Amino acid sequence: DEFKYHICCMGAGYVGGPTMAVIAQRCPHIRVCVVDISQTQIDAWNTDDLPIYEPGLLEVVKESRGRNLFFSTDIDSEIKRADMVFISVNTPTKTTGIGAGKAANIKNCELCARKIAEVADTPKVVVEKSTVPVRTAEAVRRVLATNDRGVKFQVLSNPEFLAEGTAMPDLQEPSRVLIGGMQTDAGLAAIQELVDVYSNWVPKDRILATNTWSSELSKLVANAFLAQRVSSINSISALCEATDADCSEVSRALGYDPRIGNKFLNASVGFGGSCFQKDVLNLVYICESTGLPEVAEYWNQVIVMNDHQKARFTQLMVKRMFNTITGKKIAVLGFAFKKDTGDTRETPAVFVCKALLEEQARVQVYDPQVKRSQMFIEFDYTCGVNKDNTPKLEESIVTCEDAYSAADGAHALAILTEWDEFKTLDYQRIYNNMAKPAFVFDGRGVVDIEVLRKIGFEVYCIGKSRPKYSLDSK
Ligand code: NAD
Ligand code: UDX
């Protein structure tokens, strides 16, 4: 072909797809091919019904697809022709065996390295894009070195910092690009090769080169710091509710201190997403296995607090609804782990819904981007709740076309994702069609509490003072 430089990316998921779409957009002189073992995933990338929902993604894909951006299952040929191979496969928490429930499984990364070693007949730069335990590059390097054709590889660490829902701007104007490699001549040359790709659109002062292990570890630590921030503000949200302080006012006051910064201080029903819990647990596991139990325990508290926040939310719901929700209809608004994504991995909505179902409530869910089948996959994965072992799950969860039908006849609304459309719903109309007293439990700080209280709702919001009734002990 006419291209002088070829990139292959193994793994066409939330990271591989958008990342490569932006590289292709910004580097029209480079041929980029994303490969995957899943034929359905690749087929979807080749239609306009992409396998993931991410604002702005389709436009960027359409700009380059068929020009210098391709999606294929022909993994061997694409590796062969590539100068640079990204590994962007999933690295989930292990569910069984050593480190179960904490350690990240890098099986898929190793399989990619084995595949590259098996088929490559020219030297390549192999780039770890997946989030991995520190020192994974060593395993990748050793597997690659087993090839019997004497092909030389360089392994780089280039973790991805995009957040879902804002992946396109995050990739187009990244806060930084981190590249780790061996501090040898060949390692530094490989780093430069990747710098040359990013330099096509990223300012040089945002491209940070470092050694491999610092790069791998920085990714875990960045997510641990972010998750810790959410757990910290969530811990304070409980204190605010107990003292009539307003958590968003506390966040505002904190945010003016430039040392603290004003981002990522929104109290919530708990953090979700495929990364935070997995990466914090991975960090905890690494600390444990390097003989640092106190450090491990410190970071583990981030998870403990998040679990507490999710549990606290449903406990409040049950308590306020006269200690019983058996047979009551609860409208769950939002199922994705945050707005502007259809991703449900580790979403707090699963925990809340599970708890509601255990109380034998009837759950009526509406999310603008999550399909019913996806919700059930998530139930099955996260808590082993599925059709077989939770009687009547199919009947107990009703999925709705919009917020109004979800709220129809409901005793309560539980807002679990901060979709913008929930801010502008016609709450009077919703109120009119609900059972009374009509409760609102806002886990995302979405609603205007005063407006809703005027309508007649009994409103509870994370981090806000609660309405006082004679039931209250204080
Ligand atoms: P994903 O599950 O959406 O996609 C992974 C893809 O890899 C799947 O389509 C799977 O079929 C494919 N795959 C698995 N094994 C393969 C193999 N041997 N060969 C070819 N393809 C294979 O995962 P994701 O969310 O894109 O995450 C990928 C990595 O990036 C993870 O390590 C994750 O921690 C990290 N990460 C994710 C995010 C995020 O927001 N999702 C952000 C930063 C980093
Ligand atoms: C995160 C990191 O932000 C990103 O850099 C990394 O590459 C992948 O992991 P993501 O999980 O996609 O990204 O979304 P993020 O915006 O970080 O939100 C994670 C969770 O925290 C969501 O459930 C979100 O609702 C919650 N959150 C975030 C809060 O509850 N409060 C906040 O103030 C911010």
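Numbering starts at 1 and runs along the sequence shown. All ligand and atom numbering here is 1-based and tracks the order in the structure. Predicted, not measured: the structure shown is a model, and the values here were computed from it.
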Problem - Polar atom proximity, Lys129 to ligand 1 (N or O, under 3.5 Å) - result: no
Problem - Lys219/Asp279 ion pair, N-O < 4.0 Å - result: no
Problem - Atom indices of ligand 1 within 4.0 angstrom of Gly13 heavy atoms, with elements - result: 1 (P), 3 (O), 4 (O), 26 (O)
Handout entry: Test of proximity, Thr91 against ligand 1: N or O pairs below 3.5 Å
Key = yes
Practice task
In plain terms, say whether Glu110 and Arg114 are close enough for a salt bridge, that is, a side-chain N and a carboxylate O under 4.0 Å apart.
Solution key: yes
Completion exercise
Here the atoms of ligand 1 under 4.0 Å from any heavy atom belonging to Glu164 are 39 (C), 40 (O), 41 (N)
Handout entry: Option with minimal heavy-atom separation from atom 35 (C) of ligand 1, where the choices are Leu111, Thr131, Thr341
Key = Thr131
Handout entry: From Asp170, Thr19, Thr40, Asp36 - option closest to atom 9 (O) of ligand 1 by heavy atom
Key = Asp36
Problem - Lys124/Asp83 ion pair, N-O < 4.0 Å - result: no
Handout entry: Part of Ala163 with heavy atoms under 4.0 Å of ligand 1, whether side chain, backbone, both or neither
Key = neither
Exercise for the section: Using a strict cut-off of under 4.0 Å between a residue heavy atom and any atom of ligand 2, list the qualifying protein residues by chain and number. Expected result: Glu160, Phe161, Leu162, Ala163, Glu164, Lys219, Asn223, Leu226, Val230, Phe264, Leu265, Asn266, Ser268, Phe271, Gly272, Cys275, Phe276, Phe337, Lys338, Arg444
Handout entry: For Lys278, the ligand 1 atoms whose distance to one of its heavy atoms is below 4.0 Å
Key = 33 (C), 34 (O)
Problem - Lys/Arg-Asp/Glu bridge criterion (N-O < 4.0 Å) met for Lys464, Glu249 - result: no
Completion exercise
Going by the 4.0 angstrom heavy-atom rule, the piece of Lys115 near ligand 1 is neither
Exercise for the section: Take every heavy atom of Arg345, measure it against each atom of ligand 1, and state whether any distance is under 4.0 Å. Expected result: yes
Problem - Residue Leu162 vicinity, atoms of ligand 1 by number, heavy atom under 4.0 Å - result: 40 (O), 42 (C)
Exercise for the section: Kindly assign one of parallel, tilted or perpendicular to the pair Trp45 and Phe71, based on the angle between their ring planes and the thresholds 30° and 60°. Expected result: parallel
Practice task
Would you mind telling me if ligand 1 is within reach of the side chain of Ser274, the backbone, both or neither, using heavy atoms under 4.0 Å?
Solution key: side chain
Exercise for the section: State whether Glu418 and Lys423 are salt-bridged, where the test is any N-O pair (Lys NZ or Arg NE/NH1/NH2 against Asp/Glu carboxylate O) under 4.0 Å. Expected result: no
Practice task
Using a strict 4.0 Å threshold on nitrogen-to-oxygen distance, state whether Glu118 and Lys115 make a salt bridge.
Solution key: yes
Handout entry: Set of side-chain contact (heavy atoms from CB on, under 4.5 Å) partners for Val295, sequence neighbours left out
Key = Cys287, Leu292, Trp299
Practice task
Could you label the plane-to-plane angle of the Tyr460 and Phe441 rings as parallel, tilted or perpendicular, counting under 30° as parallel and over 60° as perpendicular?
Solution key: parallel
Practice task
Using a strict cut-off of less than 4.0 Å between a Lys/Arg side-chain nitrogen and an Asp/Glu carboxylate oxygen, indicate whether Asp367 and Lys339 qualify as a salt bridge.
Solution key: no
Practice task
Can you spot which of Ser231, Ser268, Ser237 makes a side-chain hydrogen bond (donor to acceptor under 3.5 Å, both in side chains) with Gln309?
Solution key: Ser237
Handout entry: Heavy-atom nearest neighbour in the protein, as seen from atom 30 (O) of ligand 1, with distance rounded to 0.1 Å
Key = Val15 CG2, 3.6 Å
Handout entry: Heavy atom of the protein closest to atom 14 (C) of ligand 1 (residue, atom name, distance)
Key = Asn90 OD1, 3.4 Å
Problem - Cationic N near anionic O, under 4.0 Å, Glu78 to Arg31 - result: yes
Fill in the blank from the handout: Here the atoms of ligand 1 under 4.0 Å from any heavy atom belonging to Gly11 are 6 (C), 7 (O), 12 (C), 21 (N)
